[in-house]
Amino acid sequence: MPQRRDFLIQALAMGMAAQTLPTASTGVLAALRPSGGAASVRSLRRQDETILRLPSLGDGYKMSWGADDRQLVVVNDGPGWLNPPTKSFKRSLWSIGGGPTDATVTQLDGYPHVDEAGEPEDAPHYHGHGLLAVGGRIYQFLSALDQAAERPRRWTAAKLIQSDDGGRSWRNQDGTSPVRWEGWREQSRKRLAFFNEPNGCFSLLSILQMGQDYRANRDGYIYVYGPNGNIDGLMNELMMFRVPIDRIPNRDAYEFFGGWAGHGVARWVADIGGRKPVHVFPRGWVNRSNLFPGDIVVETWLPSVVYNEPLDLYMMVSAGTGCAPDGTEFAKPGYLGFWVSATPWGPWRQVHEEAAWTPGGDPAARAYSPQIAPKWIAPDGKSFWLVWADLKGIREFSGNTDRTGTAGPVTPEETAIAESALMRRAMPGYSFNAQRVDLDIG
């Protein structure tokens, strides 16, 4: 079942040939300290004159601020910053030193990355998503799709991996090593953090970021967000759970947001069946069919949530996909929204909305997967940097098979380099794009 990158590879071949401890899990828990900062944010402004592009190739770009003061960043479906791009990774992990204008990037070689060329086509593909550096450890949730062929493939599983030594070595959720990639018959709730949950909820995950090494946290929990499913009406429903920091690998310790008990107090429940949306995004921004046969539902409405410590507020950004009348993705610019809150669970107040997200004013932009860089928040909290990938050109490229050439790549390394060159030409924004965003404080 070919996916998006497989289509690009096939096109290349054609071209070359022709060319704190928890309380009771069902109890009502007090909210965190109310924040005055969330109430003071009136709006925000994206500063297009600051847009820059770091020379990576891929997407995802989930980030966390590590204990060593470097920013960890995940890259999916590409060589990342590998130069020359002799490999293309299904997922890889990098660390960024410095700021957006003087960034230095290093690959974490100990991370269990997988070369596209070395992974069987019919195997489950685990994509890197929710990432957290906390207490000197690193945790990551990786998401996997089902085997559907008659409809877009859906997210149905989330695997947890962990590192105790800054990313030099990694273990499975149960503490064993090396990291194993469960095949179709091995996938189960015993081995994975989430598997075949109701509607496919909690298969696509993002983790709240709270300062360097999570040091701004005061209540001893991590908070994790994910869509309630894979289709419009579910994917726009944002769910969340929490777990004590010292029990992250213990699935039985997860507590799900179960609604409100009034006055900003959240109710947490142990039963996933009792989950309630913590926020609902607009409908109409989830693709229901695909440009490429067997491709995935785009990661629509997977938010990036970061604590702004100087202003004592929580910031959330999320995006919807601009779809064609036939339901295919990236037919038009997507939706971009920002929200703020006094607590990790809201209520979330919207402070910015764009029904056509066009960075730099480019109407051809197909920006998606926005991320707030947790380290790149100004000392006064009044500005931060937004990161995204852009699939501008993907629809034009999908219909263009008229490529000519006289000789093709010979070695796997040459093939990877040629594929990367093709992708850069077809989708020049398929990279680490960033710009400064300024908050309007009232």
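This one's a predicted model, so the numbers in the text were calculated from it and none came from an experiment. Just the heavy atoms: all of them, side chains too, but no hydrogens, waters or symmetry mates, feed the values below.
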Chemist: Does NZ or CZ of K332 come closer than 6.0 Å to the centre of the six-membered ring of W285, within 45° of the ring's axis?
Modeler: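 Yes, cation above the ring, under 6.0 Å and within 45°.
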
Chemist: Run the salt-bridge test on R288 and D232 with the 4.0 Å N-O cut-off and return the result as yes or no.
Modeler: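 Salt bridge absent between R288 and D232.
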
Chemist: Report yes if the side chains of M423 and I394 come closer than 4.5 Å at any heavy-atom pair, otherwise no.
Modeler: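 No - every pair of side-chain heavy atoms lies 4.5 Å or more apart.
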
Chemist: Side-chain contact test, heavy atoms from C-beta onward, threshold under 4.5 Å: evaluate it for F338 versus M315 and give yes or no.
Modeler: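 Not in contact.
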
Chemist: Looking at side-chain heavy atoms only, is the closest gap between L131 and L72 below 4.5 Å?
Modeler: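 Yes; the side chains approach each other to less than 4.5 Å.
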
Chemist: Tell me, do H127 and L142 make a side-chain contact under 4.5 Å, heavy atoms counted?
Modeler: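 No, their side chains stay 4.5 Å or more apart.
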
Chemist: Which class fits the ring pair W301 and F281: parallel under 30°, tilted 30 to 60°, perpendicular over 60°?
Modeler: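 Rings of W301 and F281: parallel, under 30°.
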
Chemist: Under 3.5 Å, is there a donor-acceptor pair between the H352 and E354 side chains?
Modeler: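 Checked: H352/E354 side chains pair up, N/O donor to acceptor below 3.5 Å.
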
Chemist: Please report the shortest heavy-atom distance between A324 and R395, naming the atom on each side.
Modeler: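 Minimum heavy-atom separation between A324 and R395: CB-NH2, 4.0 Å.
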
Chemist: Is a donor from one side chain sitting under 3.5 angstrom from an acceptor on the other, for S56 and Y61?
Modeler: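 On atom types as modelled, these side chains qualify, holding a pair under 3.5 Å.
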
Chemist: So, N76 and R91: side-chain donor and acceptor under 3.5 Å apart, yes or no?
Modeler: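 Checked: N76/R91 side chains show no N/O donor-acceptor pair below 3.5 Å.
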
Chemist: Can you check whether P124 reaches L145 side chain to side chain, under 4.5 Å on heavy atoms?
Modeler: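 SC-SC contact between P124 and L145 ruled out.
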
Chemist: Is it the case that Q435 and T50 place a side-chain donor and acceptor less than 3.5 Å from each other?
Modeler: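 Q435 vs T50: no donor-acceptor pair found between side chains.
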
Chemist: So how far is it from L132 CG to L205 CG, rounded to the nearest 0.5 Å?
Modeler: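 Output value for this atom pair is 12.5 Å.
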
Chemist: Tell me whether the guanidinium CZ or amine NZ of R242 lies under 6.0 angstrom from the six-membered ring centre of W268 and within 45° of its axis.
Modeler: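 The answer is yes, since R242 meets both limits relative to W268.
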
Chemist: Side chains of F241 and Y225: closer than 4.5 Å at any heavy-atom pair?
Modeler: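 No, their side chains stay 4.5 Å or more apart.
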
Chemist: Regarding Y368 and E329, is there a side-chain donor-to-acceptor distance under 3.5 Å anywhere?
Modeler: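 No.
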
Chemist: Check R70 against T106 and note the closest heavy-atom contact, atom names and distance.
Modeler: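 Taking every non-hydrogen atom into account, NH2-OG1, 3.4 Å.
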
Chemist: Assess the side chains of T176 and N172: does a donor N or O sit below 3.5 Å from an acceptor N or O?
Modeler: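 Checked: T176/N172 side chains pair up, N/O donor to acceptor below 3.5 Å.
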
Chemist: Before you tell me yes or no, could you show the steps for R366 and D390 under salt bridge (charged side-chain N to carboxylate O under 4.0 Å, His left out), namely the whole-Å CA-CA distance, both residues' side-chain angles and the distance that decides it to 0.1 Å?
Modeler: CA-CA 5 Å; R366 297 296 180 264; D390 193 332; over 6 Å; no

Chemist: Tell me every residue that passes side-chain contact (heavy atoms from CB on, under 4.5 Å) with D165, counting only those two or more places apart in sequence or in another chain.
Modeler: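 Partners of D165 under the side-chain contact (heavy atoms from CB on, under 4.5 Å) test: S163, R168, S169.
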
Chemist: Just checking, any donor-acceptor pair under 3.5 angstrom between side chains of Q140 and Y111?
Modeler: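 Present: a donor and an acceptor within the cut-off.
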
Chemist: Would you please say whether a donor-acceptor pair under 3.5 Å links the side chains of T321 and T300?
Modeler: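 Yes - a donor-acceptor pair under 3.5 Å links their side chains.
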
Chemist: Determine whether the side chains of R151 and N290 contain a donor N or O and an acceptor N or O closer than 3.5 Å.
Modeler: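 Looking only at side-chain atoms, N290 and R151 do not form any donor-acceptor pair under 3.5 Å.
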
Chemist: Excluding sequence neighbours, so at least two apart, what forms side-chain hydrogen bond (donor to acceptor under 3.5 Å, both in side chains) with W94?
Modeler: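 W94 satisfies side-chain hydrogen bond (donor to acceptor under 3.5 Å, both in side chains) with S92 only.
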
Chemist: Just to verify, what does R191 make a side-chain contact (heavy atoms from CB on, under 4.5 Å) with, not counting sequence neighbours?
Modeler: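 Scan of R191 (side-chain contact (heavy atoms from CB on, under 4.5 Å), adjacent residues dropped) gives R180, E182, E186, S188.
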
